[in-house]
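All chains are named by letter (A, B, ...) in the order of the sequence lines, taking the proteins before the strands, and each is independently numbered beginning at 1.
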Amino acid sequence: MNEKDLEYAWFYQTDPEDTLSGSIAIEDGSCISPLPWPAMALEYGYAPTPDEYYSRLYDSACEAAQKSALNLTKTPDRQISHAIRTMDDYSRIENELTARLSEWMGDYIGISQDLQTSIETISTNSDYSHLDAHILSLHNQLIALSEKREKLAHFIESEMPRIAPNLTQMAGPLLAARLISIAGSLEKLAKKPSGTLQVLGAENALFAHLRGRATSPKHGVIYTHEYISKTHPSLRGNVARAFSGKLSIAARIDYYSGTLNPEVHSDLLTKIDQIRSRDGSK
Amino acid sequence: MTKPESYQYLDIRGKTHLVTKGPPIYGEQTKNGWRVWDPTRSKLGSVLTQDIDVGLSKNAKVLYLGAANGTTASHVADVASIVYAVEFSPQPMRDLLNVARSRKNIIPLLKDARHPETYSHVVESNLDLIIQDVANRGQVKIALDNKKFLSPTGKLFLVIKARSENVVTPPELIFKSSIEELSQSYAILQTQKLTSHHKDHMAIVAEPLPQ
Ligand SMILES: C[S@@+](CC[C@H](N)C(=O)[O-])C[C@H]1O[C@@H](n2cnc3c(N)ncnc32)[C@H](O)[C@@H]1O
């Protein structure tokens, strides 16, 4: 038996008693061509008999397939990313259509009235025209969109505490979901340094409308949180650093343990109070 | 893991059925531990009932590509000594894992048959039979790339689903070009159009050509 060939075997240097190590080797290993593995395993001493070899292979393979099948079908963080992106798409489209509607109404009815009154004026119009119908249909579309957006928001709010309890507690369900979605997954978010977390979303045009006009494009999506928006502008940088530091700890706890840890949250609040009590004008 | 029985035919309630011996899994009819292999639910079963030798002999070592939820694979496992069951989609894999619970000779592998190198460190060489039913583009290429698992006397049972290759080309043309392409590395022993339950499918039995 060639020692070099043996190195490719799934059972090479795996513990026969430990299905986990076998399952990892099955999942991650590779080899260009198959070899008579059962005979080699016997010679190598991995198993005393062919039946025993197949039984160990069976256990490890079932564990590997089980785990990766679960990972692939149960990726709630990825599903929530789609939900929040759809929600943000709805809200962007709503903004665009609202601007369009206001512009149209202003030109049609005059800008003196607010949107809602103008819509009522049109819908009660006695000589109801095709034009009126088109404007009303645009308005109905906007209402339908905002209902859909709210339903998605409810869904995200109810799912997030299970998916990432600490992140949700700290950032709120929607911002927490946005962070996961921009990072790509909870795992990726948990593995990012806190400095990256602070500017996450800054490069993304989709979040321009969430940021509002006040903040510069180098600011990430966490600047929409009131911890920062309600802080004096000169202190926002400090709060953002503290906030993103704790958020990244929260993401790690969520990814690795998944249980709520009240301490990180009280730590953050204390820290923010400290920063805010400094004089912002200096 | 030697098997006492192979597949056979048995009369159940006045009808002759193809059967294998093993624990039932999908509500199939049984008699004395024998379970009916429904040819309308299994392409391999359908070909066997047409008396075609596909190389599924007792105690065979089998590589099954596209095992799906394990309906056919469970019958194969009743006959074979070991079945390496490759399936790349997680949803059917969960069902397959349930089937494997009652059949310890099924080795489930959540792998992509287009990349045999990702399971060549697990699946042994010199197998007696490859069963391939992936219903996916590039079916012949998959058969060619997996040939290295076969013993020189082994066999390939390949199901070609015409619509998986191309929905506009007539199935006849797809079958013809598939057979041509396959003939580079395999000797075709038999081809068989499947019955109405498996429309636009062709089964091919082949032997590996020496390199
Ligand atoms: C028609 S079904 C097989 C049915 C099965 N042979 C039976 O009779 O019970 C095709 C299966 O092949 C799987 N499949 C398709 N492409 C594959 C690939 N490249 N690698 C592994 N499995 C694949 C699909 O996910 C699907 O479950």
List the atom of [X], the atom of [Y], and the distance in Å for their closest heavy-atom pair.
X: Ile32(A); Y: Lys148(B); answer: O-NZ, 2.7 Å
X: Lys111(B); Y: Glu27(A); answer: NZ-O, 3.2 Å
X: Val123(B); Y: Pro34(A); answer: O-CB, 3.4 Å
X: Pro108(B); Y: Ala61(A); answer: O-CB, 3.5 Å
X: Pro90(B); Y: Ala69(A); answer: CB-O, 3.8 Å

Using a cut-off of under 4.5 Å on heavy-atom pairs, state which of Ile106(B), Leu109(B), Asn126(B), Leu97(B) scores highest against chain A.
->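 The residue among Ile106(B), Leu109(B), Asn126(B), Leu97(B) with the greatest pair count is Leu97(B).
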Tell me whether the count of non-hydrogen atoms from other residues, nucleotides or ligands lying under 6.0 Å of [atom1] in [X] goes above 12.
X: Glu263(A); atom1: CD; answer: no
X: Lys31(B); atom1: NZ; answer: yes
X: Gln8(B); atom1: CD; answer: yes
X: Tyr12(A); atom1: OH; answer: yes

Can you tell me how far [atom2] of [Y] sits from [atom1] of [X], rounded to the nearest 0.5 angstrom?
X: Gln66(A); Y: Arg94(B); atom1: CD; atom2: CZ; answer: 8.5 Å
X: Ser30(A); Y: Tyr119(B); atom1: OG; atom2: OH; answer: 12.5 Å
X: Arg103(B); Y: Tyr58(A); atom1: CZ; atom2: OH; answer: 10.5 Å
X: Tyr54(A); Y: Asn105(B); atom1: OH; atom2: CG; answer: 10.5 Å
X: Asp51(A); Y: Ile82(B); atom1: CG; atom2: CD1; answer: 9.0 Å
X: Ile107(B); Y: Cys62(A); atom1: CD1; atom2: SG; answer: 7.0 Å

Can you check whether Ile26(A)'s main-chain N or O pairs, donor with acceptor, with His121(B)'s side chain at less than 3.5 Å?
->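 A pair under 3.5 Å: yes.
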Is there a donor-acceptor contact under 3.5 Å from the side chain of Trp37(A) to the main chain of Ser120(B)?
->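 The answer is yes, because a donor-acceptor pair under 3.5 Å joins these two groups.
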Which bit of Ala65(A) comes within less than 4.5 Å of chain B, counting heavy atoms only: side chain, backbone, both or neither?
->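 Contact with chain B: backbone and side chain both.
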What part of Leu127(B) lies closer than 4.5 angstrom to a heavy atom of chain A: side chain, backbone, both or neither?
->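 No part of it gets close to chain A.
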Which bit of Lys147(B) comes within less than 4.5 Å of chain A, counting heavy atoms only: side chain, backbone, both or neither?
->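 For Lys147(B), there is no contact with chain A at all, as no heavy atom is under 4.5 Å.
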Does any non-hydrogen side-chain atom of Tyr84(B) lie less than 4.5 Å from one of Leu57(A)?
->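 The answer is yes; the side chains approach within 4.5 Å.
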